[in-house]
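In what follows, a structure is listed as structure tokens, so that the remarks can point back to it.
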Amino acid sequence: MNQTPVRVRIAPSPTGYLHVGTARTAIANYLFARHYGGRFLIRIEDTDVERSRSELIEPILEALKWLGLDWDEEILYQSQRTEIYNKYVQQLIDTGYAYCSYVTAEELEAARQKALAEKRSFYYRENFIQLPPEEIQRRIDAGAGYAVRLRIPEGETSFDDLVSGRISKKNEDIEDLIIARSDGTPTYNLAVVVDDHEMGITHIIRGNDHISNTFKQMHIYRALDLKIPEFGHVPLILRPDKRKVSKRLGDKDVAEYKKEGILPETMFNYLCLLGWSPKNDREIYTREELIELFDKNNFNSANAVFDEEKLLAFNHAHIQMKSDHELAVMVAPLLVDAGLTTKYWLETRWTYLRQVVAVLKERVKRLSDFVAIGGYFFSFDYKYDEQAAQKHFHPEAAGLLSELADRFEKLETFDKVSIEATLSELADEKGLKKAMLIHPTRLAVSGVSAGPGLYDLLEVLSQPVVVERMRKAVAFINRPG
RNA sequence: GACCCCAUCGUCUAGUGGCCUAGGACACUGCCCUUUCACGGCGGCAACACGGGUUCAACUCCCGUUGGGGUCACCA
């Protein structure tokens, strides 16, 4: 069997943030490495001086860390390896697999346009554009550089893809690709092959938008006489409009999901199940379970649409799996950021926060929902929901609230049992349904008509707060005008 | 347009020739639970793109059509 230890990598280019497409590829590689006891590496593809921005590297790494994708060895930066690439390029020229071309980018573009207009395909071949010897000399004298192209032989190229099986292409449909630009810098395809070889990569797991690159890269491997790794082209993640996710189309930064209150476990779980399946009916898994379950043969071949609605459902499930304490740790800074409380205040009321989280968690889809629906646990400064107030804050309600507040105030122990007993007693005395007391009370203490069970809600809020808020509501109902 | 990949409910998927009257999840929806909102439970709606083969038997295999996606840079 295969004795070589697995080595895989994710190779982001710092031309933007980390979007879900790259994140999914990263997860696939990570799972591959962790399941098969291999190594997961990172390489930064910053050979494009024009578009690469070093300040974008850190956010990308941060996003990977957030997802829990810890890497194993030092990160490789392509921008620091130009000399190495040049050595390989020179080797290809020396061995006759590559040739130099003085044709300019403009001339190529013109030829390409012409071919397009005439509805011909355009695959560049040596001497496709003939330059007279004296013109070449003139360009050399003028100090022009040359681009280096790989000569594609006749025949057919094919490989066995981990996902799609055997994929083939006629060599006449592969052009003599440029491996070094006229300014001497290497291009993507050359650098990738060289690095994957030098890093000892055994399996290249990437999006299926790279299939056409794979054919080109195979020719570089062969010309360099290097061992060709295994390829797995995983399905792409599509937007709801079926286009592939991309930064240019404004697709979200993974960090944005973090801001919106998505747990990293959720993102990891959801992204993993997009284009890959454990082949059963279960969907919610922890990271560890997915590592255990991972199977390189279970990739799907069809592209998958990213559904935020379902992501939210996954997030709800993962939030339920967290302990109240864990959730409290995550929610605390959000409350502070929202200006609902202070770090200091929370420090002395950790139990309270935990109780709040406990009664709220099952109705929360995002971490940020704790803030959105539970503000009243931390601030008296809320308005009564207008519709609910019209319905429940009628004149009789004022009397009932006042009476109930008085009785609450006299309770020696204020817990859900005594609260319910007190409320039921009053309802019985007045010959009213409990709902007649419950709704106004809920509105009085929270400002809204939806939330945790009333008895839990009141117990968590505590006796003095409840009484004060109820009396405030009475004053509100009886306000003049 | 050329080349490559792909094709089961709206979406994510299970299904590897008979277990399929096609299963699960999200969304939508009915009922139950219930003080509200959720949660939960029980139901419902909803798919094998089409046409040819192969076979006793095709969602499953082959071919074609159609459709979708991707790639066609001195970007990565």
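Reminder, nothing fancy here: chain letters follow the sequence lines and each chain counts from 1. All values derive from a computational prediction rather than experimental measurement.
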For A/K416, does the NZ atom sit with more than 12 other heavy atoms under 6.0 Å from it, leaving out its own atoms?
->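 Counting other residues, nucleotides and ligands, NZ of A/K416 stays at 12 neighbours or fewer.
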Is the number of heavy atoms from other residues, nucleotides or ligands under 6.0 Å of A/R53 CZ greater than 12?
->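 12 or below, so no.
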Remember a base hit wins even if backbone is also touched, and classify [X] as base, sugar-phosphate or nothing at under 4.0 Å, heavy atoms.
X: A/V103; answer: base
X: A/S52; answer: nothing
X: A/E45; answer: sugar-phosphate
X: A/L274; answer: sugar-phosphate
X: A/R120; answer: nothing
X: A/A105; answer: base

Rounded [atom1] spacing from [N] to [M] in Å:
N: B/C9; M: B/C5; atom1: C1'; answer: 24 Å
N: B/A38; M: B/C26; atom1: P; answer: 15 Å
N: B/G18; M: B/U34; atom1: C1'; answer: 48 Å
N: B/U8; M: B/U60; atom1: P; answer: 12 Å
N: B/C61; M: B/U71; atom1: P; answer: 28 Å
N: B/C6; M: B/G10; atom1: P; answer: 23 Å
N: B/U16; M: B/A22; atom1: P; answer: 16 Å
N: B/C48; M: B/A7; atom1: P; answer: 16 Å

Does [X] make a side-chain N or O approach to OP1 or OP2 of [N] shorter than 4.0 Å?
X: A/R112; N: B/A73; answer: yes
X: A/N300; N: B/A14; answer: yes
X: A/S277; N: B/C12; answer: no
X: A/K170; N: B/C4; answer: no
X: A/S121; N: B/C72; answer: no
X: A/T185; N: B/C74; answer: no
X: A/K279; N: B/G15; answer: yes

List the protein contact pattern of nucleotides 30-42 of chain B with one symbol per nucleotide (5' to 3'): B for base contact, S for sugar-phosphate-only contact, - for none; contact means a heavy-atom distance under 4.0 Å.
-> -----BBBBS---
Would you mind building the protein contact string for nucleotides 63-68 of chain B? One character per nucleotide, 5' to 3', B for base within reach (heavy atoms under 4.0 Å), S for sugar-phosphate only, - for untouched.
-> ------
Look at A/K365 together with A/E260 and state whether they make a salt bridge at an N to O cut-off of under 4.0 Å.
->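 So A/K365 does not pair with A/E260 through a salt bridge.
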Could you tell me whether A/E175 and A/K216 have a side-chain N and a carboxylate O separated by less than 4.0 Å?
->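 Judged by the 4.0 Å cut-off on N to carboxylate O distance, A/E175 and A/K216 do not form a salt bridge.
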Partner residues of A/F128 under the side chain to side chain contact (heavy atoms under 4.5 Å, CB included) criterion, sequence neighbours left out |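 Only A/F122, A/Y124, A/R125 meet the side chain to side chain contact (heavy atoms under 4.5 Å, CB included) criterion with A/F128.
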Does A/E308 have any salt bridge (Lys or Arg N to Asp or Glu O under 4.0 Å) partners at least two apart in sequence or in another chain, and if so, which?
->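 Partners of A/E308 under the salt bridge (Lys or Arg N to Asp or Glu O under 4.0 Å) test: A/K252.
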Residues two or more places apart in sequence or in another chain: which of them pass salt bridge (Lys or Arg N to Asp or Glu O under 4.0 Å) with A/E292?
->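 Salt bridge (Lys or Arg N to Asp or Glu O under 4.0 Å) check on A/E292 returns nothing, list empty.
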Quick one: does NZ or CZ of A/R287 land under 6.0 Å from the six-membered ring centre of A/F268, within 45 degrees of the ring axis?
->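 That pair qualifies as a cation-pi contact.
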Does A/P186 or A/D209 map to a spot on RNA chain B nearer the 5' end, using the closest nucleotide for each?
->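 By nearest-heavy-atom nucleotide position, the 5'-most residue is A/D209.
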Upstream residue (5' side of RNA chain B) when A/E283 and A/I167 are each assigned their closest nucleotide |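 Residue closer to the 5' terminus by nearest nucleotide: A/I167.
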Side chain of A/V305 (C-beta onward), nearest among B/G70, B/A76, B/U11 |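 Of the options given, the side chain of A/V305 lies nearest B/U11.
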Residue A/S164, side-chain atoms from C-beta onward, closest of B/G70, B/A76, B/C6 |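 The answer is B/C6.
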Output the residues of residues 211-222 of chain A in contact with RNA chain B, where contact means a heavy atom of the residue under 4.0 Å from an atom of the strand; sort by number or write none.
->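 The stretch gives A/I211, A/S212, A/N213 as the residues lying under 4.0 Å from the strand, ordered by number.
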A/R442 side-chain N/O to A/A444 backbone N/O, donor-acceptor pair under 3.5 Å =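 Checked: no pair found.
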Is the side chain of A/S168 donor-acceptor paired with the backbone N or O of A/T157 at a distance under 3.5 Å, no angle test?
->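 No: the side chain of A/S168 does not pair with the backbone of A/T157.
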So A/W276 and A/F294, would you call those rings parallel, tilted or perpendicular, with 30° and 60° as cut-offs?
->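 Ring orientation, 0 to 90° scale: parallel.
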Between the side chains of A/E386 and A/Q390, does any donor sit under 3.5 Å from an acceptor?
->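 A/Q390 and A/E386 do not have a side-chain donor-acceptor pair below 3.5 Å.
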Between A/D195 and A/Y85, is any side-chain donor less than 3.5 angstrom from a side-chain acceptor?
->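 A/Y85 and A/D195 do have a side-chain donor-acceptor pair below 3.5 Å.
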In whole angstroms, how far is the C1' atom of B/C3 from the CD atom of A/E156?
->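 Value for this atom pair: 13 Å.
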Counting only Watson-Crick or G-U wobble pairs whose two distances fall under 3.5 Å, which nucleotide matches B/C3?
->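 The base-pairing partner of B/C3, which may sit in any strand shown, is B/G70.
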